[in-house]
There are 2 protein chains.
Amino acid sequence: MVLTLEKIKTPPKVSDIAYKALKERLLELDMSQLSDEGRLDERVLAKGLGVSRTPLREAINRLVVEGFLKVVPRKGIYVVRKSKQDVIEILLVRAALEGMAARLAAQYVTKTDIKKMKAVFSRFDPLNMDGKYAEYADANIEFHEFILKTSRCGKLIEMANSIFDHMRWIRFRAVAFEGRIKPIHQEHLKIINALEKKDPDLAERRIRSHIEGLAQYIEKEVDFLE
Amino acid sequence: MVLTLEKIKTPPKVSDIAYKALKERLLELDMSQLSDEGRLDERVLAKGLGVSRTPLREAINRLVVEGFLKVVPRKGIYVVRKSKQDVIEILLVRAALEGMAARLAAQYVTKTDIKKMKAVFSRFDPLNMDGKYAEYADANIEFHEFILKTSRCGKLIEMANSIFDHMRWIRFRAVAFEGRIKPIHQEHLKIINALEKKDPDLAERRIRSHIEGLAQYIEKEVDFLE
DNA sequence: ATATTGTATTTGGTATACCAAATACAAGAC
DNA sequence: GTCTTGTATTTGGTATACCAAATACAATAT
């Protein structure tokens, strides 16, 4: 052998592409204004994506398992609507998962990690956050992903990511942030503090109440979820 | 209309039957002795179940999403083997979910509930448990399902059940019980006690350490997981 | 005998044909 | 006009045909 070669990437499956495309469209969909009761047409979708029904159905089934779609036999495919109760339950699960993640993270976290996360938030002035919602939303995501990653628990990361998709789907981010961005920021700093102290109980408690606080806010203030 | 009729149940889909049958076979499978490296053959399975490939593939895909099977493009379908690390991670997630469930359960639990659960365990004499492993295993399942149910959180129940399937699959129940059945029983009673006191923090902590204890035991004593 | 290589077979992936249930709708009865 | 009811259409569900990649294997050269 005179040639040094590297493995070439296996060509992607059509069903995978269809899945990603369909999920993307779904996530950017505004549920609150769906025509036809959120009904989808297999054949139309297949035509639209330029694939046959078989791989498309595979994609649909995956989305059904994930809880984004619902198939009613011989009736149709429907976009699943989330009730306020659904959102609360999702947040409770998220609190449970991230709480455990924080516990583990407190065990593994390094000084470098802490420094990095502090840097992410140091760009924000707690007294002047107006107009920085979008920017802070990014930092927020980075923060929560940091905790997950630092937990070093693949299963936890996997399940939390699945939950995140549902969170993204429900477009209350903006409304949930407005007016709450200051306390949220303080909570973030407090959580980092607990991690720095390597206190699992404290870290868990703080991130749990952080997320449960969001749930309580939704419960009280949000009303566009039927 | 002179006849009073009730809705008839919609006929089950072939893919559903295939899914259930396949999953059942999988769960009763002893992974530690798989020929052919746990490879499955689509066409053989289809023939065996008496269905065509299409609904079978749907069933397979569901099992892939659930983490029981893995499909390697143009190679084959394989049974996923769980490493010790996988099991530990699953138990951590379970601890997180059931911990939150216990928290909620402490909030909702009634005196009747407590009485019922105490009755389940009162059949056992802590000093003489020998030969009651199977019986106690049933009580154990009933206990954990009770907490989930009492949490009244559908999402939590759903995700925990998915985890349970994986637990069932890994056949360490007998070995995990032997010699540990007494402390396990004590822990169960302690958890019920915390619920009775309606103390969410205590209930959460106790059930978490209960499950984490199992994880530590597996870590130390179990060695048949590669 | 061993190594190479062309070929048949097997595998999962995809497209398509067909079915039965659900539905829409129009023709006919009143 | 309204109500029935038969029929065409549309839907998701299933079976099957076909493809390309992977593999097994036999024929061949050395």
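By convention in this document, chain letters (A, B, ...) are assigned in the order of the sequence lines, proteins followed by strands, and residues within each chain are numbered from 1.
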For DNA chain C, determine which residues of residues 47-60 of chain B have any heavy atom closer than 4.0 angstrom to one of its atoms, and list them numerically. B:R53, B:R57

Ion pair A:E204/A:R208, N-O distance below 4.0 Å: yes

Hey, which sits more toward the 5' end of DNA chain C by its nearest nucleotide, A:R43 or B:R74? B:R74

Donor-acceptor pair, B:D113 side chain versus B:T110 backbone, under 3.5 Å? yes

Please verify the inter-ring angle class for A:H144 with A:H210; under 30° counts as parallel, over 60° as perpendicular, anything in between as tilted. parallel

Going by atom types alone, do B:N140 and B:H188 pair a side-chain donor with an acceptor below 3.5 Å? yes

Hey, are B:R57 and B:E42 close enough for a salt bridge, meaning a charged N less than 4.0 Å from a carboxylate O? yes

Consider only side-chain N and O atoms of A:Y19 and A:E24, and report whether a donor and an acceptor are under 3.5 Å apart. no

Measure the acute angle between the ring planes of A:W169 and A:F68, then classify it against the limits of 30° and 60° as parallel, tilted or perpendicular. perpendicular

Looking at A:K23 and A:D165, does any basic side-chain N land under 4.0 Å from a carboxylate oxygen? yes

Going 5' to 3' along DNA chain D, between which two nucleotides do contacts with chain B fall, using a heavy-atom cut-off of 4.0 Å? D:dG13 to D:dT23

